[in-house]
Amino acid sequence: MKEFKRYMITAALPYANGPIHIGHLAGVYIPADIYVRYLRMRGTDVKFVCGSDEHGVPITIKARNENVLPQVIVDRYHEIIKKSFTDFGIHFDKYSRTTSKVHFKMASDIFTTINDKNGFVEKESEQYYDENANQYLADRYITGTCPHCGNEKAYGDQCEKCGTTLNALDLINPQSVLSGSKPVLRKTKHWYLPLEKHEKWLRDWIVGDHKEWKVNVAGQCKSWLDMGLQPRAVSRDLDWGIPVPLKDADGKVLYVWFDAPIGYISATKELAQEQGFDWELYWKNDDTRLIHFIGKDNIVFHCIVFPAMLKAEGSYILPDNVPANEFLNLEGDKISTSRNWAVWLHEYLLDFKDKQDVLRYTLTANAPETKDNDFTWKDFQDRNNNELVAILGNFVNRTLVLTQKYYEGVVPIPLDFKDYDIQSLKEIDALKKSIEESISLFRFREALKLAMDMARVGNKYLADMEPWKLIKTDAERVKTIMYVALQITANLAIVFNPFLPFTAARLRNFLNMDDQNWDAIGGFANGKVNELIKAGHKINEPVLLFDKIEDDAIELQKQKLAESKKMNAAVSSVQLQRENVSYDDFSKMDIRVGKILEAEKLAKTKKLMKLTIDTGIDKRTVVSGIAEYFEPAQIIGKQVCILINLEPREIKGITSQGMILMAENAEGVLTFVQPDKEFMNGAVVK
RNA sequence: GGCGAGGUAGCUCAGCUGGUUAGAGCGCAUGAUUCAUAAUCAUGAGGUCGGGAGUUCAAGUCUCCCUCUCGCUACCA
């Protein structure tokens, strides 16, 4: 593998419309932090940056809802996020934000350079415009009736009721969120990044040059490349964001996805200005290894879109690896900000004071590295009580307590080392090597387990040597044993530093030991024992490294979650009544009783069923999205209610003439609305 | 429906280019031990590797079909 002179590490920019939760931590920030701490301990030249992603429509919506300026929203969450990272020990060199001046200039410059090189294409399209508010409407600023489920509060990009992704032009009765008026279509011009032009080198680069990428990452990229890349708009009609730096671009800003990843570069530049180094060395030099830590939702951006931007600009290096993680679930359910189904970092830090490392440990040991994983409070408690307390904490404690008891805290002078002493110390070296390997492959879960094995070596050593027995018969030998146990303890103080920085620091404090770099780790090499703490060295009185977590603390957290669940159920189970309609409107609908004569599932679709209905008037074809809940055989012969005077519509090449009436519950389960006994086909429903 | 990832011991996961009786941690059982936050150490039980077919001397590991979970995508009058 190529030797690099320096590392540029980025962690996905959190979006500044909500706080950080355990999913973010497990997927992105903890692995990135471990990696960077490790590199630093090896004396590697590394910069680690992140920042708040502060543009985009959702922030302007939140601001509107609270009747404040977008800046107020981003200021609020920027502070919360930044503080919680600091308190949690995620140690960025720079945590910036995309509303900074440096970033505005950086994003504008990059846009300009790409534009000067004809890296964009311009296209006109039709978009909804609010004539009262005098502005174009982002998809989120348009509500209307979902053409699928009839929800009247569907947004222009998706319907939250049925989860469907929508196009604003599909909405029935579109309405501007800004003024309530009916928007009109107007032409607007935007700049697009023609990703399809980058397809070839992207494929060579990802599929050819980077076979070492994680399978989930490579697979996702290949899937996109195979589908064929499309031009992607880099600008939007919005008043919150970085203005498009061109003359004829009034009211247009850079699309948030375009400016956000540039935030990594801006943050580096700001750091460079503070510390006085050349930022371009970290972004434009082939000897730099660029690594993006992200979650799986960001794979396409960081592996395809952002590299295409950088390539189009021309002077930047591309990421060497993008170790994306999968998602973390919480107690069996997807983490969700809007449903408040999450463990929020800032709340955890209050509820579990000084227990940063317990969460770091749990989330690393159970990190979603290869597939989605589940966080449970029971697991959190078990890992603390059975692993941190029982294995690591206990070994350290018994060693230090014995040292106090036998030698008043002074590291004893060893005599002859026996084979078993040396063998145990050599295991430290073997583990160190394995840990290095695991970390280099971004397998932090495995690395952490190996670090715990080091503590296990210590426990086993003490159990086998039984110094508490020997002290009565061979006090001289015990000195050597305790000396060895203390060296193992000192190794733990270093090896855990990337994973559990708070604990490692406390341990070094107990041992009265200076910070050490990674290479200091060792047991036995070149025919001699590696002496991390010298004989005669005085150590401090120990305190327990970890406390047991009792059931009531866990119960409290579970109750918190149960509350969220209750609230959600209460809110979402029954839809509110819709606005009144006139009798005239109602009577326009011609609903009849009909009978299903034939039914067949449409090939190549998941939900669609082609039905032939006897309406009493005629036999007609209706395409209906019910295939997920019914088998053709079980519905043939059923009587149903059917709206027969609905505009016919072509679906998958078949003309659908009408709509079957269905009832749908909160989970989206469907059932037929039908007469309670066999009735005449064609009978009017009113 | 298409594509991607995953389905391995009660739980959480390793198993690289196919090769002797399928591994680890936690949990469980038994024993040892008491320096230690009843922590530790040893031993053991427990798996037809989602199901089926095939290739091969040999398959968890390759091919095909089916099935379930997660994600992206199409579709939903």
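Naming convention: chains lettered A, B, ... in sequence-line order (proteins, then strands); numbering from 1 in each chain.
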Problem set entry | Side chain to side chain, A:T621 and A:L611, heavy atoms closer than 4.5 Å |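 No. Closest side-chain heavy atoms not under 4.5 Å.
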
Exercise. Are A:Y407 and A:K479 close enough that some pair of their side-chain heavy atoms sits under 4.5 Å apart?
Worked result: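 Yes; the side chains approach each other to less than 4.5 Å.
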
When we call it a touch if two heavy atoms are under 4.0 Å apart, what does [X] touch: a base, just sugar-phosphate, or nothing?
| X | answer |
| --- | --- |
| A:K296 | sugar-phosphate |
| A:T399 | nothing |
| A:N394 | base |
| A:K222 | nothing |
| A:N459 | sugar-phosphate |
| A:V215 | sugar-phosphate |
| A:F395 | nothing |
| A:L643 | nothing |
| A:L545 | base |
| A:V300 | nothing |

Contact under 4.0 Å: [X] side-chain N or O vs [N] OP1/OP2:
| X | N | value |
| --- | --- | --- |
| A:R456 | B:A39 | no |
| A:N386 | B:G27 | yes |
| A:R398 | B:A39 | no |
| A:T370 | B:A5 | no |

For this session: Identify the residue among A:R383, A:Q356, A:E387 that makes a side-chain hydrogen bond (donor to acceptor under 3.5 Å, both in side chains) with A:Y361.
Result: A:E387

Problem set entry | For atom CG of A:L388 and atom P of B:A39, their distance in whole Å | 14 Å

For this session: Using atom CG of A:L392 as one end and atom C1' of B:U40 as the other, report the distance to the nearest whole Å.
Result: 14 Å

Measure from the side chain of [X], starting at C-beta and using heavy atoms only, and say which of [options] lies closest.
| X | options | result |
| --- | --- | --- |
| A:K371 | B:C41, B:U12, B:G6 | B:G6 |
| A:V401 | B:A39, B:C35, B:C41 | B:C35 |
| A:K460 | B:U40, B:C41, B:C35 | B:C41 |
| A:N397 | B:A39, B:U37, B:G4 | B:U37 |
| A:L544 | B:A42, B:U37, B:U34 | B:U37 |
| A:K548 | B:A39, B:A5, B:U34 | B:A39 |
| A:E387 | B:C41, B:C26, B:A36 | B:C26 |

Exercise. Is the closest side-chain donor-acceptor distance between A:Y483 and A:D421 under 3.5 Å?
Worked result: no

Exercise. In Watson-Crick or G-U wobble terms, both distances under 3.5 Å, what is the partner of B:G44?
Worked result: B:C28

Exercise. Is there a Watson-Crick or G-U wobble partner for B:C49 with both distances under 3.5 Å, and if so, which one is it?
Worked result: none

Exercise. Would A:K214 count as a cation-pi partner of A:F442, with NZ or CZ less than 6.0 Å from the six-membered ring centre and within 45° of the ring normal?
Worked result: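 No, A:K214 and A:F442 do not form such a contact.
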
